[in-house]
Enquirer: 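The structure follows.
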Amino acid sequence: MAARLKLIFIVLFLTLLGGGVAAYKHVRYGIPLLAGDKPSEWLVEAKVTFVAVGQPVTAKLALPTAKVGQDTGIDARSAGYSFVVDTDANKERVAIWSADSKEENQALYYRVRFPASGVESAGPLAPEGEAPEPVDPGLTGTLRDAGISVVRRVKELSSSPDTVFFGIFREITAIEASQEVALLKNEYERQAGPRGVVQLGIDLLNMAGVPARVAYGLRLEEVRGAQDPAYFVEYFDGVYWKIRNPDDPTTAPSQREFFIWNRGGDALLEVSDGGENSKVVFTSARVEIPLERLTDLRDSGILVATIFGLPASEQQIFKFVVLIPIGAFVVVLLRNIVGLATLGTFMPVLIALSLLEMTNVWDGLIMFVVIIAAGLWFRFLLSRLNLLVVPRVAACVVIVTLLMMLLSVVSFHLGMREGLKITLFPMIILAWTIERMSLIWEEEGKRSAMLQVGGSLLVAVVAFFFMKERQIRYWAFYFPELLLVLLAGIILIGRYTGYRLSELMRFKNFQSA
Amino acid sequence: MKRWWHRWFRTPAELRAMGVVGINMRNGRFVLPNNPRRLYDLVDNKVRTKGLAEERGISVPKTYGVVANPGDVLRFEKMVEGYDSFVVKPVRGSGGKGVLVIAGREDGMYVKPSGARLSPAEVRHHLQNILAGLFSLGGKRDQALVEYKVMPDPTMMSISFQGAPDIRVVLFHGYPVLAMLRASTRESDGRSNLHQGAIGVGVDITTGVTVHAVHHGRSVDRHPDMKVPVIGVHVPEWDRILDIAVTCHEMTGLGYLGVDLMIDQNQGPIMIEVNARPGLAIQMANGVGLLKRLEPIAERHRAFPGDDRPTKIAFSKNSFAAKSPA
């Protein structure tokens, strides 16, 4: 009985603690208990990093011009930098951080917020002052000749800035590029990396007499970690500056999908000699509660709330981390109460996590099943070679990798863009799944193997739907103390000694002799 | 009393009335409180279990050798030199995983009971797999045990298709609870796992006579392949079996355990392995819910914690006689 009392005490304590903190946050700081009272917002954070070498250093980051809520954040000054927002010669806003002497890795942040529907950041923009002039990119030698011949070819077919723009990008993005374009692309990509193609288009546009410049932006999506800036082309059609995505040149980038951080053609980031290896990356995150509430909460001193003081890129990771206990809970529920057999205890959680990154679960599941099936077949071929265990699993990893590449190509051609995200499946886990499944297949028969893999998939899908649910994500991230209540639930299930649902069926023929 | 839902399931209340124990209850009420973790290695490591058993004078299959590292794999042929039949099993295996039975040899090849042939290279590969931990709990590196293959007693063989039947006795605080005999069928391919199609035959604790049998969870009274009756068979040397089982409890200290034995035609009952988490199918084989016996034993154990081996056996024999020895 003492054990039972202890259990009740612990469960009550955890429930009251978790529930109490959550209630306090709701009552005292007005954090809504339910998601969806208000539309969420996007928080976009630019993170500037560089290595300081002990000299005075200045970092300049071009800022958005769009009408968005800008949050210099406490982060800007806290790192020991003096911080100003200035307007440069082109009337562009620039954030300037400077410090006398800094050493080691530096990280600076700048945040903006806007409604979830996005902001009009890529619309036509009237030029400041007089109409801009094309700028000769100053190519020489064969590059210049190649450029001139491409421009001439495009100009034969088109005359307006819009059609010249399409013509040039059709040339550049064609799968079978002409010799001149191939030469230019090679050279530009060698010099400018991924930005090369955009820069090439801009230079050719200028050579064709259309003023053009680069713009920087990012994709609005919730992913783990940060993204590199995306490069856009901005050209002048005679009246307005227009922004186009080089991958999709026919329409303006949708404000739901993209946010243009800066336009105007200046450098996005400039770091003076005191800093090396400078870089800027963006993180976009959905924020479900109003800024003032979040700030209050962040400064409230409640331990679990300090997470909101972290940079968005780190918070973003926590959005995923807090979902893992939810998945684990689902596994406990389905194994100990329902009685589903799974391959490996928490393998379903990992599958569910990778499913989360796909917009369409079913595509992901089909991929999973195809990979497992094909992998199994290869595994049976391999078993004839009598390989030792670890090399055999490693061989499976190689095969799984190749299968994923193949599937990605096939699914891309079938028009399933989601297929490309397949690489997010934890490959080692897949390889082990194949290995263990083939063993069960041999030892206990295919029925048992199918049941266990099927069970794992079922648990993964259920866990996925739990983890996908907006309300659950909201609670997990903004009320992480509720995880204590979850813990209490898990402890209770841990002491459940009643029948599993599957046992009601297992013992259906039980006859008392 | 047959209800329409019995075709699909039983209600929890019905199962409870029959005293059926589920996995959660087995773990939460019997295994976890009575089997301290530190004792597990005694039974999870078959070499240690055999050592303990030998100290107590329990017969175990003679060890031909232990393959402990890849170098030993090459010496394997030497180990089995002069033995026509033998068994290879992982030292830390469970549930019969990774057990390889060799029944004889022909032209330099090893022959399994099913008649399938294995080359020496294939046997060595199996040993490598065992060493790599393929069959051990948690995939830890393991060793392989090479030992005597039991020559099953003819009475036992008469109710089994190919594989040698084994006998499992479940004990609680050292009192025999339930016993069953597992006989293989054509479907189970020489193996004695019930969910692979072996038949489970309940054995009366009092007399050692088989009383009830199940195949895939359904009651049967004849062997599905050999059509011989499986009920009413006398298990030889029953008292010796119970004595070994209770001794296994004493030597391991486990409160809840299953002891697996085989009956050799020359050596009589031989202890094969001890299981710290015996399965629940034994209830189906006997048609008796475990709880019907575990509860009286728990009470007896509270009242008389000092019962010795004969008293424990006598208690079980007196309390748990099968109602109608068919």
Enquirer: What heavy-atom pair brings B/Q283 and A/F510 nearest, and what distance separates the two atoms?
Expert: O-CE1, 3.3 Å

Enquirer: Quick one: CZ on A/R495 to CG on B/L32, what's the gap to the nearest 0.5 Å?
Expert: 9.5 Å

Enquirer: For the pair B/N24 and A/Y499, evaluate side chain to side chain contact (heavy atoms under 4.5 Å, CB included) and give the outcome as yes or no after the intermediate values.
Expert: CA-CA 7 Å; B/N24 291 336; A/Y499 299 107; over 6 Å; no

Enquirer: Using non-hydrogen atoms only, which part of A/R447 is less than 4.5 Å away from chain B: side chain, backbone, both, or neither?
Expert: neither

Enquirer: Atom NZ of residue position B/K112 - does it have more than 12 heavy atoms of other residues, nucleotides or ligands inside 6.0 Å?
Expert: no

Enquirer: Counting only heavy atoms from other residues, nucleotides and ligands, does the tally under 6.0 Å from CZ of A/R436 exceed 12?
Expert: no

Enquirer: What's the separation between atom CZ in B/R10 and atom CD in A/E503, rounded to the nearest 0.5 Å?
Expert: 14.5 Å

Enquirer: Count the heavy atoms belonging to other residues, nucleotides or ligands that lie under 6.0 Å from OH of A/Y496, then report whether that count exceeds 12.
Expert: yes

Enquirer: For A/F465, does the CZ atom have more than 12 heavy-atom neighbours from other residues, nucleotides or ligands under 6.0 Å away?
Expert: yes

Enquirer: Given heavy-atom pairs under 4.5 angstrom as the criterion, report whether the side chain, backbone, both or neither of B/H195 touches chain A.
Expert: side chain

Enquirer: Minimum heavy-atom separation for B/M25 and A/T497, please, with both atom names.
Expert: CB-O, 3.2 Å

Enquirer: Please state whether the side chain, the backbone, both or neither of B/V214 comes within less than 4.5 Å of a heavy atom of chain A.
Expert: neither

Enquirer: Say you draw a straight line from CG of A/N509 to CE of B/M284; how long is it, rounded to the nearest 0.5 Å?
Expert: 6.5 Å

Enquirer: Picking from B/N27, B/N193, B/L280, B/T11, which has the most non-hydrogen pairs under 4.5 angstrom with chain A?
Expert: B/L280

Enquirer: Could you tell me the separation between the CZ atom of B/R7 and the CE atom of A/M505, rounded to the nearest 0.5 Å?
Expert: 14.0 Å

Enquirer: Got a sec: does the CH2 of A/W377 have more than 12 other heavy atoms crowding it under 6.0 Å?
Expert: no

Enquirer: I need the B/E14 CD to A/F507 CZ distance, nearest 0.5 Å.
Expert: 14.0 Å

Enquirer: Please examine the side chains of B/L15 and A/L504, heavy atoms only from C-beta on, and report whether any two atoms are closer than 4.5 Å.
Expert: yes

Enquirer: Counting only heavy atoms from other residues, nucleotides and ligands, does the tally under 6.0 Å from CZ of A/F318 exceed 12?
Expert: no

